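Here the structure is laid out as structure tokens; the discussion comes afterwards.
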Amino acid sequence: MQGITRLLLARWVRAAVLLGPLTLHAAMVSIDLPRMATVRGDKVLLGQIAHLTSQDLDTMRRLTMLPLGSIAHQVEGIQLDRTRLARWIRSQTGLRDDDIEWKGEASTYISYARTRLAPQVLIDTAQAALSEWLAQRTERFDIRPVSSAPALAIPDDTTRLLVKPIRHERPHARMHVTVDVISSQGLVRTVTLTFQVTAHVKGLVAGQDLAAGSQTAALLEERDIEVTALAPHAAPLPAAQAANAAALQLKRGLKAGELIQARDLEPVPAVQRGDWITLRLAQGDIQMESRAEALQSGQPGQNIRVKPTGSERSMLARVTGRNMAEVSR
């Protein structure tokens with residue numbers, strides 16, 4: 001009986017020696033997968049989402065820094081299952097299935113650590129930009145937001161707000177301000193906010209009824225004008241330009257108190273129809289002067305028809321300056 005026992009024991013030892021390398025193989029790394037993981041930055045690493053254990057420091061280092069890709073910042077997160085993760089680890093490291101001991105969950109939900117951007121921050125940013133724009137163009141103004149802003153979850157804490165240029169020539173009763181919300185990963189969202197605006201400027205109006213052709217220098221009055229109450233294409237003439245009005249005349253008639261716009265004015269002609277002008281005649285080295293009546297108005301460089309004194313016929317002459325023209329032969 002003892003001989004049989006010794007024989008069986010010897011056979012068991014020989015089997016253990018032969019099978020030992022297969023059955024007693026120790027995993028190189030243990031990967032504990034949580035149900036949920038939160039990451040920062042634009043790249044997801046294995047060490048950010050799983051708890052890793054290994055006696056081999058090189059293996060530990062490689063797996064900790066193993067990139068898994070990135071999460072598009074437009075989505076809240078992604079579900080990653082263990083089977084797909086294992087296949088990726090094998091392809092990137094050369095580890096076998098039995099080199100890895102899996103623990104924890106069969107899948108994990110990965111999301112970004114997000115920063116909450118309050119709606120009021122967007123409103124305040126847009127309103128500050130609009131206030132600066134209005135301060136450069138008006139005497140006084142009032143702004144009131146009339147649209148709401150969304151509450152945003154930003155993928156990181158490096159958020160930057162960029163206000164797009166306000167492309168208007170003058171203030172309007174309703175104005176829109178567009179803000180780009182940008183994170184380290186790029187544009188997160190574009191938000192457009194609407195404001196009710198009341199703005200005033202110092203403008204010029206007709207001091208009395210004025211006919212077309214009137215030279216306006218002494219006939220203008222400065223008034224406080226609510227520019228945001230004007231028609232969309234109206235452009236008040238700034239009071240600061242009153243000094244330049246001496247060289248301008250009205251293109252159309254205006255009623256007393258009526259707003260004067262830049263489009264209502266034109267330069268006073270150097271030669272006015274009906275004026276007596278100096279007419280020069282250049283013939284070789286000889287220059288002759290005479291008086292002539294201007295039959296047309298004109299600016300320097302333009303040809304107008306004139307009638308010299310004592311002549312029954314008119315001729316063309318080129319305007320050269322104030323009440324001056326010349327005829328070349």
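Given the structure is predicted, the values throughout are model-derived calculations rather than measurements.
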(request) Provide the closest heavy-atom pair for Ala270 versus Pro300 in the form atom of the first, atom of the second, distance. (result) CB-CD, 3.6 Å
(message) Which residues end up grouped with Leu316 if you chain together Ile, Leu, Val, Met, Phe, Trp and Tyr wherever their side-chain heavy atoms are less than 4.5 Å apart?
(response) none
(message) Among Leu63, Ile100, Leu95, Thr93, which residue satisfies the side chain to side chain contact (heavy atoms under 4.5 Å, CB included) criterion with Met28?
(response) Leu95
(request) Answer whether the closest heavy-atom distance between the side chains of Val177 and Thr192 falls below 4.5 Å. (result) no
(message) Counting C-beta onward and ignoring hydrogens, is there a side-chain heavy-atom pair between Val163 and Trp133 closer than 4.5 Å?
(response) no
(message) Test your reading of the model: is there a side-chain donor-acceptor pair from Arg170 to the backbone of Val227, 3.5 Å cut-off?
(response) yes
(message) Let me confirm one number: the CD-CZ distance from Gln92 to Arg62, rounded to the nearest 0.5 Å.
(response) 10.5 Å
(message) According to side-chain hydrogen bond (donor to acceptor under 3.5 Å, both in side chains), who are the partners of Asp97, at least two apart in sequence or on a separate chain?
(response) Arg90
(message) Between Leu80 and Leu33, is the side-chain contact (heavy atoms from CB on, under 4.5 Å) condition met? List the steps.
(response) CA-CA 10 Å; Leu80 179 62; Leu33 207 60; over 6 Å; no
(message) To the nearest 0.5 Å, what is the distance between CG on Leu52 and CD1 on Ile31?
(response) 6.0 Å
(message) Tell me every residue that passes salt bridge (charged side-chain N to carboxylate O under 4.0 Å, His left out) with Glu226, counting only those two or more places apart in sequence or in another chain.
(response) none
Got a list of side-chain donor-acceptor pairs under 3.5 Å for residues 119-131, not counting sequence neighbours?
residue: Gln120; atom: NE2; partner: Asp124; partner atom: OD1; Å: 2.8
residue: Thr125; atom: OG1; partner: Val121; partner atom: O; Å: 2.8
residue: Ser131; atom: OG; partner: Gln127; partner atom: O; Å: 2.9

(request) May I ask you to test the Lys164-Asp180 pair for a side-chain heavy-atom distance under 4.5 Å? (result) yes
(message) For Arg291, give me all partners under salt bridge (charged side-chain N to carboxylate O under 4.0 Å, His left out), at least two apart in sequence or on another chain.
(response) none
(request) Measure the shortest side-chain to side-chain distance between Gln296 and Arg273 over non-hydrogen atoms and say whether it is less than 4.5 angstrom. (result) no
(message) Applying a strict under-4.5 Å side-chain criterion to I, L, V, M, F, W and Y, I'd like to know whether Met60 and Ile89 cluster together.
(response) yes
(message) Per the salt bridge (Lys or Arg N to Asp or Glu O under 4.0 Å) rule, what does the pair list look like for residues 300-313, sequence neighbours excluded?
(response) none
(request) Sequence neighbours left out, what passes salt bridge (charged side-chain N to carboxylate O under 4.0 Å, His left out) with Arg140? Give chain and number order. (result) Asp224
(request) Kindly work out whether a path of hydrophobic side-chain contacts (I/L/V/M/F/W/Y, heavy atoms less than 4.5 Å apart) joins Ile78 to Leu68. (result) yes
(request) Could you go through the side-chain contact (heavy atoms from CB on, under 4.5 Å) check for Val191 and Thr178 one step at a time? (result) CA-CA 6 Å; Val191 179; Thr178 301; over 6 Å; no
(message) Count I, L, V, M, F, W, Y as connected when their side-chain heavy atoms are under 4.5 Å apart, and connections chain through other members. Are Leu57 and Leu66 then in the same cluster?
(response) no
(message) Taking salt bridge (charged side-chain N to carboxylate O under 4.0 Å, His left out) as the definition, give me every residue that meets it alongside Arg87, ordered by chain and number, with sequence neighbours left out.
(response) none
(message) Does any part of the side chain of Leu279, heavy atoms only, come nearer than 4.5 Å to the side chain of Thr309, both counted from C-beta?
(response) no
(message) Please check: side-chain N/O of Thr228 versus main-chain N/O of Ala199, any donor-acceptor pairing under 3.5 Å?
(response) yes
(message) Check this for me: does any side-chain nitrogen of one of Arg35 and Glu105 sit under 4.0 Å from a carboxylate oxygen of the other?
(response) yes
(request) Look at the side chain of Ser147 and the backbone N and O of Leu193, then say whether any donor-acceptor pair between them is shorter than 3.5 Å. (result) no
(message) Contact between Pro150 and Arg189 at the side-chain level, heavy atoms closer than 4.5 Å - yes or no?
(response) yes
(message) Looking at Arg174, I want to see if its CZ is surrounded by more than 12 non-hydrogen atoms of other residues, nucleotides or ligands under 6.0 Å.
(response) no
(request) Start with the C-alpha gap between Thr53 and Asp32, add the side-chain angles, then the distance that decides, and say whether side-chain contact (heavy atoms from CB on, under 4.5 Å) holds. (result) CA-CA 8 Å; Thr53 306; Asp32 189 352; over 6 Å; no
(message) My understanding is that only residues two or more places apart in sequence, or in another chain, count here; which of them pass side chain to side chain contact (heavy atoms under 4.5 Å, CB included) with Ser91?
(response) Trp88
(request) Calculate, to the nearest 0.5 Å, the distance between atoms OG and CZ belonging to Ser183 and Arg160 respectively. (result) 10.0 Å
(message) Under the ring pair (Phe, Tyr, Trp, His ring centres under 6.0 Å) definition, can you give me all pairs with a residue in residues 165-211, not counting sequence neighbours?
(response) His168-His172
(message) List the residues meeting side-chain hydrogen bond (donor to acceptor under 3.5 Å, both in side chains) with Asp209, not counting sequence neighbours, and say none if there are none.
(response) none
(request) For residues Ala294 and Val271, report the shortest heavy-atom separation together with the two atoms involved. (result) CB-CG1, 3.4 Å
(request) Decide yes or no on side-chain contact (heavy atoms from CB on, under 4.5 Å) for Val181 and Leu161, but give the supporting numbers first. (result) CA-CA 5 Å; Val181 182; Leu161 302 181; 3.8 Å; yes
(request) Could you grab the distance from atom CG of Asp81 to atom OH of Tyr109, nearest 0.5 Å is fine? (result) 15.0 Å
(message) Could you measure the distance from the CG atom of Leu117 to the OG1 atom of Thr159? Nearest 0.5 Å is fine.
(response) 6.0 Å
(message) Using 0.5 Å steps for rounding, measure from the CZ atom of Arg61 to the CG atom of Asp56.
(response) 9.0 Å
(message) Just so I know, are the side chains of Val268 and Arg322 near enough to count as touching, which here means a heavy-atom distance under 4.5 Å?
(response) yes
(message) Can a donor-acceptor pair be found, under 3.5 Å and without considering hydrogens, that links the side chain of Asp275 to the backbone of Ile277?
(response) no
(message) Between Thr198 and Asp142 (side chain of the first, backbone of the second, donor and acceptor by atom type, cut-off under 3.5 Å), is there such a pair?
(response) no
(request) Could you tell me whether the side chain of Ile49 reaches within less than 4.5 Å of the side chain of Val39, counting heavy atoms only? (result) yes
(message) So for atom CD, which belongs to Gln196, do other residues, nucleotides or ligands contribute more than 12 heavy atoms lying within a distance under 6.0 Å?
(response) yes
(message) My understanding is that only residues two or more places apart in sequence, or in another chain, count here; which of them pass side-chain hydrogen bond (donor to acceptor under 3.5 Å, both in side chains) with Gln79?
(response) Ser107
